[in-house]
Amino acid sequence: MSSQHPSDQVPDYGQYVPPTDQPGTPGGQPGQPSQPGQQAPYGPPAGQQGQYPPQGQYPPPGYPGGAAAPLSPADTKTWASLSHLLGGILGFLAPLVIWLVFRERSHVVDVEAKKALNFQIPVALVLLAANWVLPGFLSGLVVLGVWVASLVLGIIAFQAVSNGRPASYPIDVKIVR
């Protein structure tokens with residue numbers, strides 16, 4: 001076995017690599033590979049803003065990008081209404097993703113996506129039960145009817161939220177609070 005030079009070792013993902021001013025080591029000559037045939041180190045050259053923070057400090061204290069910015073009123077209305085429309089088309093996954101992504105950025109999106117999610121979860125359970133319990137053709141008719149009803153109610157809720165009114169569904173089960 002041949003011994004490797006310390007500069008030949010690749011750090012683990014996310015591991016802090018201290019900058020040095022020696023050619024051939026990470027952070028050495030800006031924009032130059034460490035050795036012939038090797039790729040230049042990632043990140044800005046040593047001594048410039050944006051150096052890697054020490055391991056375990058992601059994001060570093062005082063980092064301005066730590067909390068997500070609140071949604072604008074237009075984005076709030078868009079995502080709140082899309083949670084209903086996409087819920088009617090795709091089922092409970094679309095409102096779930098919208099709720100998980102935007103719940104801390106807008107109270108309106110949080111409330112409306114939960115309404116869509118709380119309606120789409122029982123719809124998914126009915127679809128699942130229809131597939132298990134009912135015979136072939138009858139199962140297909142029930143699934144189609146439930147999906148069309150879910151789509152129509154999702155479009156009605158989409159229009160309500162787009163016009164600035166809160167949405168409501170005939171089934172109001174509080175599964176996600």
Side-chain angles (χ1 to χ4, degrees), residues 11-17 42-44 48-177:
D12 290 334
Y13 178 77
Q15 183 179 4
Y16 175 68
V17 179
Y42 293 108
Q48 292 188 3
Q49 188 179 28
Q51 290 181 348
Y52 299 113
Q55 186 174 1
Q57 292 187 9
Y58 284 89
Y63 182 70
L71 291 177
S72 68
D75 288 343
T76 296
K77 184 183 281 189
T78 299
W79 287 111
S81 58
L82 278 177
S83 67
H84 295 287
L85 180 65
L86 294 176
I89 297 170
L90 301 173
F92 72 92
L93 287 178
L96 176 64
V97 169
I98 291 171
W99 179 65
L100 289 174
V101 170
F102 296 113
R103 67 182 172 188
E104 295 176 354
R105 295 178 63 189
S106 169
H107 178 70
V108 173
V109 175
D110 178 40
V111 169
E112 293 299 329
K114 280 194 282 190
K115 285 181 188 178
L117 186 57
N118 284 329
F119 176 71
Q120 292 300 330
I121 290 173
V123 167
L125 293 175
V126 168
L127 293 174
L128 196 60
N131 278 322
W132 280 348
V133 175
L134 299 175
F137 181 72
L138 186 59
S139 171
L141 286 177
V142 170
V143 166
L144 180 65
V146 170
W147 181 78
V148 168
S150 171
L151 178 63
V152 169
L153 291 171
I155 291 171
I156 292 169
F158 169 80
Q159 289 177 338
V161 174
S162 294
N163 293 327
R165 297 186 318 264
S168 63
Y169 287 101
I171 299 172
D172 189 19
V173 180
K174 301 286 187 208
I175 298 170
V176 179
R177 296 180 191 262

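- Heavy-atom minimum distance, Val109 versus Ala80: CG2-N, 3.9 Å.
- Taking the ring pair (Phe, Tyr, Trp, His ring centres under 6.0 Å) definition, one finds that Trp79 meets it with Phe102, sequence neighbours left out.
- In this structure, Ser139 contributes its side chain and Pro135 its backbone to no donor-acceptor pair below 3.5 Å.
- With a 4.5 Å cut-off on side-chain heavy atoms, Pro170 and Leu153 count as touching.
- The line from CH2 of Trp147 to CD1 of Ile89 is 7.5 Å long, rounded to the nearest 0.5 Å.
- The two residues Ile175 and Asn118 have their closest heavy-atom pair at N-OD1, 3.1 Å.
- Taking both residues in full, the closest heavy atoms of Lys115 and Ala167 are given as NZ-O, 2.9 Å, listed atom of the first, atom of the second, then distance.
- The two residues Ser81 and Phe158 come nearest to each other via the heavy atoms O-CD1, 3.2 Å.
- Just one residue in the list Val97, Leu96, Val101 forms a side chain to side chain contact (heavy atoms under 4.5 Å, CB included) with Trp99, and that residue is Leu96.
- Taken from CD1 in Ile121 to CD1 in Ile171, the straight-line distance is 12.5 Å, to the nearest 0.5 Å.
- The backbone N or O of Val146 sits nowhere less than 3.5 Å from a side-chain atom of Ser150 that would complete a donor-acceptor pair.
- For Phe92, there are no ring pair (Phe, Tyr, Trp, His ring centres under 6.0 Å) partners two or more places apart in sequence or in a different chain.
- Counting all heavy atoms, side chain and backbone alike, Pro95 lies closest to Gln120 at CG-CG, 4.3 Å.
- Note that OG of Ser72 and NZ of Lys77 are 11.0 Å apart. Values are rounded to the nearest 0.5 Å.
- Taking CD1 of Ile156 as the reference point, atom CG of Leu85 lies at 12.0 Å (rounded to 0.5 Å).
- Within the 6.0 Å centre-distance limit, the rings of Tyr169 and His84 are counted as a close aromatic pair.
- Smallest separation of non-hydrogen atoms from Ser83 and Ala116: O-CB, 3.6 Å.
- Taking CG of Asp110 as the reference point, atom OG1 of Thr76 lies at 11.5 Å (rounded to 0.5 Å).
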